[in-house]
Amino acid sequence: MTAPLSPKASEIVAHTRALLVAGGYNSFSYADLAERVGITKASIHHHFPSKASLVQTVVALYREDARVALAGLATQLQDPLSELNAYAGYWAACIQSGEHPFCVCAMLATELPTIPEEVALEVRAHFEDLTAWLASVLSRGEAVGQFQLPHSATISARGFMAVVHGAMMLARALGDATVFPTTVQPAILRLTRSG
């Protein structure tokens, strides 16, 4: 768990997240961020000594939020198929509203060869977390007869995750939010029946 942030540090993190979603790690500087937040670059350095430490914090908080939200789905819904649909529905709504139209970690994953190692470790850990959660959902769904997995739960989870993130990318590339659900829903349907 990360330490609580001051209000100004939280504002910096929020703007950084938006910049990361818009263009990734290499698309902005502290000067861009200072302009958005309305403070000096030196003030940003006071809160986050380096861009790497700032983005590492953003991703760590993103991971924490995702873990809490995903765990909450099991508690609230208590139904694996509903959990999977809720996960897909969350991203469909985010893409439709434009509020969070892309996964921060998916964007950063495209830059793994060029981003600092401490950021890359957080990004990889997010995908490990997500794989574990999806595999758990699929395993529980298979145990109660909701899913018929073509492979192990882990391989099936990675395949579904690839569909979700690919659909996100396709919706962005085509400028059409409806591409996301029309791509992801058939993948869910395939998991619910054999063949």
Side-chain angles (χ1 to χ4, degrees), residues 1-73 87-134 158 161-162 164-177 179-180:
M1 183 177 283
T2 57
L5 298 174
S6 70
K8 186 54 73 177
S10 295
E11 185 182 352
I12 292 166
V13 163
H15 283 285
T16 301
R17 180 175 167 170
L19 287 166
L20 288 168
V21 167
Y25 186 91
N26 295 303
S27 71
F28 74 96
S29 67
Y30 266 23
D32 300 318
L33 191 53
E35 186 177 322
R36 276 183 160 232
V37 179
I39 60 175
T40 65
K41 290 189 297 183
S43 295
I44 297 172
H45 280 286
H46 169 73
H47 294 284
F48 302 98
S50 68
K51 184 177 176 181
S53 67
L54 168 58
V55 175
Q56 182 181 22
T57 299
V58 170
V59 178
L61 290 169
Y62 183 82
R63 286 183 60 213
E64 201 171 292
D65 290 347
R67 283 192 301 267
V68 168
L70 295 173
L73 289 179
Y87 170 70
Y90 166 81
W91 279 115
C94 287
I95 293 165
Q96 181 67 44
S97 73
E99 186 177 349
H100 299 292
F102 211 83
C103 171
V104 169
C105 290
M107 178 62 83
L108 290 170
T110 67
E111 298 180 287
L112 278 177
T114 63
I115 62 177
E117 186 59 23
E118 59 266 43
V119 176
L121 288 171
E122 287 288 343
V123 170
R124 287 184 189 103
H126 168 74
F127 285 104
E128 290 166 3
D129 294 345
L130 186 53
T131 299
W133 177 78
L134 285 168
R158 288 178 182 153
M161 189 170 33
V164 167
H165 289 94
M168 223 177 262
M169 190 175 300
L170 194 57
R172 176 176 272 192
L174 297 176
D176 182 358
V179 168
F180 181 85

Of the non-hydrogen atoms in Ala177 and Ala171, which two are nearest, and what is the gap between them?
-> CA-CB, 4.5 Å
Nearest heavy-atom neighbours spanning Val123 and Cys105 | CG1-O, 3.7 Å
May I ask you to check whether Phe28 and His15 place their ring centres under 6.0 Å from each other?
-> no
What heavy-atom pair brings Gly98 and Pro101 nearest, and what distance separates the two atoms?
-> O-CD, 3.4 Å
Rounded distance (nearest 0.5 Å) linking atom NZ of Lys51 with atom CD1 of Ile44 = 11.0 Å
Would you check if the side chain of Tyr30 reaches a backbone N or O of Ser50 as a donor-acceptor pair within less than 3.5 Å?
-> yes
Spatial distance of atom CG (Leu108) from atom OG1 (Thr110) [nearest 0.5 Å] = 7.5 Å
Just wondering, do Leu54 and Val13 contact through their side chains at under 4.5 Å, heavy atoms?
-> yes
Do Thr57 and Thr16 have side chains that get closer than 4.5 Å, going by heavy atoms?
-> no
Could you state the interatomic distance from CZ (Arg124) to CG (Leu112), rounded to the nearest 0.5 Å?
-> 5.0 Å
Between CG of Leu170 and CG of Asp176, what distance do you get to the nearest 0.5 Å?
-> 8.5 Å
Do Glu118 side-chain atoms and Gln56 backbone N/O form a donor-acceptor pair below 3.5 Å?
-> no
Within the distance-only criterion (no hydrogens, no angle test), does the side chain of Glu122 pair as donor or acceptor with the backbone N or O of Val59 below 3.5 angstrom?
-> no
Are side-chain heavy atoms of Phe180 and Val164 found at a separation under 4.5 Å?
-> yes
Taking atom NE2 of His47 and atom OG of Ser53, what is their separation to the nearest 0.5 Å?
-> 12.0 Å
Lys41 (side chain) donor-acceptor with Ser29 (main chain) under 3.5 angstrom = no
Closest heavy-atom pair, Cys103 versus Tyr62, reported as atoms and distance to 0.1 Å, is SG-OH, 3.2 Å
When you look at Phe127 and His165, which way does the ring pair (Phe, Tyr, Trp, His ring centres under 6.0 Å) test go after all the steps?
-> CA-CA 11 Å; Phe127 285 104; His165 289 94; 5.5 Å; yes
Arg172 side chain near Met168 side chain, heavy-atom distance below 4.5 Å | no
Flag the pair Tyr25 / Met107 as yes when at least one side-chain heavy-atom distance between them is below 4.5 Å, and no otherwise.
-> no
Do Trp133 side-chain atoms and Leu70 backbone N/O form a donor-acceptor pair below 3.5 Å?
-> yes
Phe48 side chain reached by Val55 side chain, heavy atoms, under 4.5 Å = no
For residues 9-36, which residue pairs qualify under salt bridge (Lys or Arg N to Asp or Glu O under 4.0 Å), counting only residues two or more places apart or in two chains?
-> Lys8-Glu11
